[in-house]
Amino acid sequence: MQLLFERALLPSGIARNIAVSVAADGTIDRVSADAPPDGCIPVRGLALPGMPNLHSHAFQRAIAGTAEIAAGADNSFWSWRDVMYRFVERLQPEDVAAIAAFLYVEMLEAGYTSVAEFHYLHHLTDGGPYLDPATLSHAVRDGARQAGIRQLLLPCLYQRSGFDAAATRPEQRRFALQTDAFLRLFETLRCQSEPLQTAGVALHSLRAVPPAAIADVVAAAPAPIPVHVHVSEQRREVDECRRRFGRRPIELLFDSARIDARWCLVHATHAAPTELEAIVQAGAVVGLCPTTEGNLGDGRFPLDEFAASGGRFGIGSDSHVSVDPREELRTAEYALRVWRERRALASSASRPHCGSFLYAAAAAGGAQALSLGRGELAAGEPADIVVLDTDRAEFAGVPAEALLDAYIFAPRPGALRDVLVGGAWTVRDGRHPRRDAIAQSYRRCLARLRSAEPGAGQP
Ligand code: NGQ
Ligand code: ZN
């Protein structure tokens, strides 16, 4: 397939009349600004590399917006987690698939072309193993297949409830795995990989995985297999880690494994300056989830300083209170603005356009975290492309070099028109072709879950 984009964001900037040829295996085999080859399909608008979503817990989509209730001074990340745990109690495999499919349709329509699914729900509701231990992993993969999104599935290791604990708590019973069972699960999923469905490993957190188990997993899952881990999201876990190990979580992680470019450190909110420096040196990606981090009251990440020192980052929608890359990027930048009382902080003199910088950096960091290449429109990269409808009145008068700034900082509905994943159109004219059917199963699933809730049936 040969496409001729009116405009495209290339590593060198926005260029006009760009021909992109897509190979049969779903990768880009040529990008050129020369005279277009015969048979090119013209596409109006601005083509961008699709945005990888580097952190998702799909099932949490179903509680997004339902935990925004005052509950006294103790309403925190930890009390939100209790609400989430209560919801997890009831989920069946078909629910997990239905929720994931709907969420992934939303992602595609918002311009995410790939997702790293950080998956820690493994067992039956009573904590016993499924006959097939990959049952719930297959459910999230099924969701990805229904929607047509590219997915890096990250089965997650979870072994204890805190730094001092020997095991999980009852409400975490569906997550707990021994290291050997975890590695078998990963191996199963890896063997079943397909072009759009790959596997890596996740360690839930330094809280939930002891250092010896981290070392075992890293030895059994060598580079370039991607490794994702939650780190330093909450001050409380930093304090508990220091009390138990005399070190901060990221320090402990660096002492437990060789951290390099295949690692994605999710959140890293409370990283100390020396820890941020170590992440930059290692070439690891920081996985920012700005809307979830804001929603849960996590804290502030110094993205301006981190980016200025060459730190790599990408974005994730995590708990899915928002499913929109623009909102993640804008929230990250606005958190800096209200903190520093200045503007355009994430960008720099060499990359002055804040929106363009944030988009390109997050596309590159996300691609690295999903082991997908460089996150650019270039030969050899996956043909994951989104197209903005720059003919819309909303873009009138916006110079080409500011189109991405306008897209991100003055967002309007309908700006994103088409989405290509692995060379196949998954969204046309802003709509996923299977939206209605998938939304209908999501509705039915939520009705079933709500009616099974304790206290259901009351007004
Ligand atoms: C999670 N979510 O694993 O779903 C976590 C909460 C925890 C976020 N951190 C649970 N956003 O960290 O223990
Ligand atoms: Zn998470």
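All ligand and atom numbering here is 1-based and tracks the order in the structure.
When heavy-atom distances to ligand 1 are checked against 4.0 Å, the residues falling inside are His57, Gln60, Phe77, Trp80, Arg81, Met84, Tyr120, His204, Arg207, His230, Glu233, His267, Thr292, Leu296, Asp318, ordered by chain and number.
Sorted by chain and number, the protein atoms of type N, O or S within less than 2.8 Å of the Zn ion (ligand 2) are His55 NE2, His57 NE2, His230 NE2.
With rounding to the nearest 0.5 angstrom, the CH2 atom of Trp339 is 9.5 Å from the CG atom of Leu303. Atoms CG and CZ, on Leu372 and Arg374 in that order, are 12.5 Å from each other to the nearest 0.5 Å. Note: Met107 CE to Gln151 CD = 9.5 Å, rounded to the nearest 0.5 Å.
Of the candidates Leu157, Leu265, Ile250, Leu265 is the only one forming a side-chain contact (heavy atoms from CB on, under 4.5 Å) with Val229.
A centroid separation of 6.0 Å or more is found between the aromatic rings of His267 and His270. With ring centers used as reference points, His119 lies 6.0 Å or more from His228.
Note: Phe59 and Tyr120 have perpendicular aromatic rings, judged against thresholds of 30 and 60 degrees for the angle between ring planes. Ring planes of His55 and Phe118: perpendicular class, angle over 60° (limits at 30 and 60°). Taking the six-membered ring where the residue is Trp, Phe306 and Phe301 present perpendicular rings, their angle passing 60° and hence far from 30°.
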